[in-house]
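To start, the structure under review is shown below, and the notes come after it.
Reminder, nothing fancy here: chain letters follow the sequence lines and each chain counts from 1.
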Amino acid sequence: MPNSYTEQEQLLIVLFQALVNDIRYSNNFIFGLLKEVTLSKKVIVDIDGARLELSASHNDQYTLHINSVDALAHASFISKGDYLREVVAGTITLDHAISSNKILLKGALEDLLGIYRLVVGLLVEGPTSPHLRALWDSFDKNWPQTVPLGMLIDLDVQQVSDYFTDLDVNAEIKNVEITY
Amino acid sequence: MKQFDTILYHLEELKIPTSSPLSPEDWKDWYHYILLDPDNNIRILFNISFSGRPEQGEITTTFQLTMPSNGSLTKLANYGFLKVDKWTEKPASRMPLEFKVPDFLEVSIAKDHFRISVKHQTPKFSFELEGKPEATPLLVPELFPYGSGFIGWGFIPGVTPNGYVTNENLNLPITSRWFCYHDHNFGRFRWGDKEVGWVWWVVTMWSETNDIYTFVFHRGNSKDFAKIAKPFLFIYKNNALKKTFVGRSVNITFQWTRTPERIPILPGALASVFSHRKVLTPEHIKVHANDDIHSVEIDMIIDTKMEIVLPDYEDKQYTFLKELNGKAKAALTLEGKKNYLKKGMFYAEFVH
């Protein structure tokens with residue numbers, strides 16, 4: 001299997017491992033959550049086309065395995081660096097990013113809820129953890145920006161106005177009656 | 001005036017002990033500026049907050065801009081950010097206070113002049129502000145217990161401003177026609193402390209005879225409002241302090257939204273975490289003060305709401321600051337004359 005990672009994939013590998021090592025020694029709660037959500041699971045992430053397969057095992061200690069990905073394999077977490085920047089900066093919420101497909105997730109509901117809890121946990125810890133902030137700064141500085149960032153973003157777009165809005169639902173589907 | 005010089009010195013000097021490596025981490029010092037443009041209905045909040053101590057602590061910079069959206073007079077848009085940087089350098093002196101965060105922030109604060117320069121990267125924009133204090137400065141060094149520590153503050157509710165906000169789509173000059181309020185707060189307390197909360201607001205009114213009236217209010221409260229302190233209300237006319245109401249002579253009432261709503265949270269990582277919440281927020285603030293000789297009634301109609309979430313670094317607790325602004329009107333009996341003031345703007349902060 002060829003191991004020719006792109007520069008961005010290499011950066012992600014360093015950051016993922018640094019993230020695990022940081023929370024392993026500094027945050028018992030998030031580390032517990034990480035184990036609960038990821039052990040014996042496998043996921044392919046795709047950020048701006050940088051694709052990696054992540055899996056986790058626990059023999060003597062928790063270990064994150066990172067492998068290269070076959071070109072035809074389907075990713076189950078797809079996003080762009082700029083969208084992640086928007087979520088971390090808080091110009092849009094995580095919920096908004098997911099509901100507008102800025103973060104595309106595929107998986108069993110239980111796994112998706114687990115990942116959601118883990119990400120929210122990291123967002124909560126970030127402001128009070130200099131290590132997590134430094135890690136994010138490293139991503140932010142080194143990851144290419146694809147969207148011009150000159151525009152001031154109106155905070156009205158920060159949130160999803162309502163979940164399950166029926167505006168986009170086809171009228172035929174809306175009128176389906178379900179009887180038991 | 002010499003006396004004002006002394007007050008301004010103590011009002012503006014940095015209070016955090018900067019030379020002791022053992023200085024407690026719950027020290028806070030923040031410099032807060034409000035700008036209101038009566039001609040174009042624009043409002044700006046800018047705040048620089050030091051916490052902890054040099055080399056160990058943090059500098060948090062907060063900016064909010066509220067302005068008419070795409071030329072509309074009724075729809076307002078909100079922009080802003082909250083940025084946390086490591087406090088790396090010990091300032092050379094407390095007064096004048098000069099410091100910078102490389103590639104982002106430069107600040108110089110002396111007793112008779114200040115200058116702030118911000119270059120924000122994402123989104124890219126610049127904010128420059130300099131100002132000269134004009135109004136009677138007031139220092140309220142409340143060193144009595146507040147939560148686990150103490151808090152003191154001082155304010156100047158009239159500063160001649162000059163500056164701009166620029167972006168590739170925006171060129172906003174800040175001129176001496178704008179109203180500028182400044183305060184400096186300092187003390188030792190934790191954001192997560194149950195006793196820490198307050199209501200503060202500043203209203204400025206432009207009368208038909210070209211007088212400028214300014215009202216500043218402060219009242220402390222515990223987070224759950226079980227304890228509410230007696231309020232202060234200061235009234236200025238053309239930058240001179242004319243009247244102070246304290247305690248029971250001042251009444252403040254809030255009219256709340258009927259149903260909880262989502263309001264924007266100033267960007268910063270916690271915005272993503274908390275903004276799914278629906279909360280009740282004030283829609284209208286009414287204040288009445290009367291001592292049988294002087295009286296004032298102020299009506300503040302809130303048209304813009306935003307929240308700032310601050311974490312407590314030790315206890316994993318949060319403090320929620322509701323930043324509210326809008327239009328105001330007042331009826332005032334002062335110096336034996338009754339005035340109706342119809343053209344006013346305000347900025348309020350509701351902390352719990």
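- Neither the backbone nor the side chain of Leu310(B) comes within contact range of chain A; no heavy atoms are under 4.5 Å apart.
- A salt bridge does not link Asp137(A) to Lys86(B): none of the charged nitrogens lies less than 4.0 Å from a carboxylate oxygen.
- Using a 4.5 Å cut-off between heavy atoms, Phe125(B) touches chain A through its side chain atoms alone.
- Ranked by heavy-atom pairs shorter than 4.5 Å toward chain A, the options Val309(B), Ile263(B), Leu65(B) are led by Ile263(B).
- The closest side-chain donor-acceptor pair between Glu349(B) and Trp198(B) falls under 3.5 angstrom.
- In this structure the side chain of Ile48(B) reaches within 4.5 angstrom of the side chain of Phe99(B), judged on heavy atoms.
- Exactly one of Thr66(B), Asn78(B), Asp303(B) qualifies for a side-chain hydrogen bond (donor to acceptor under 3.5 Å, both in side chains) with Arg43(B). That residue is Asp303(B).
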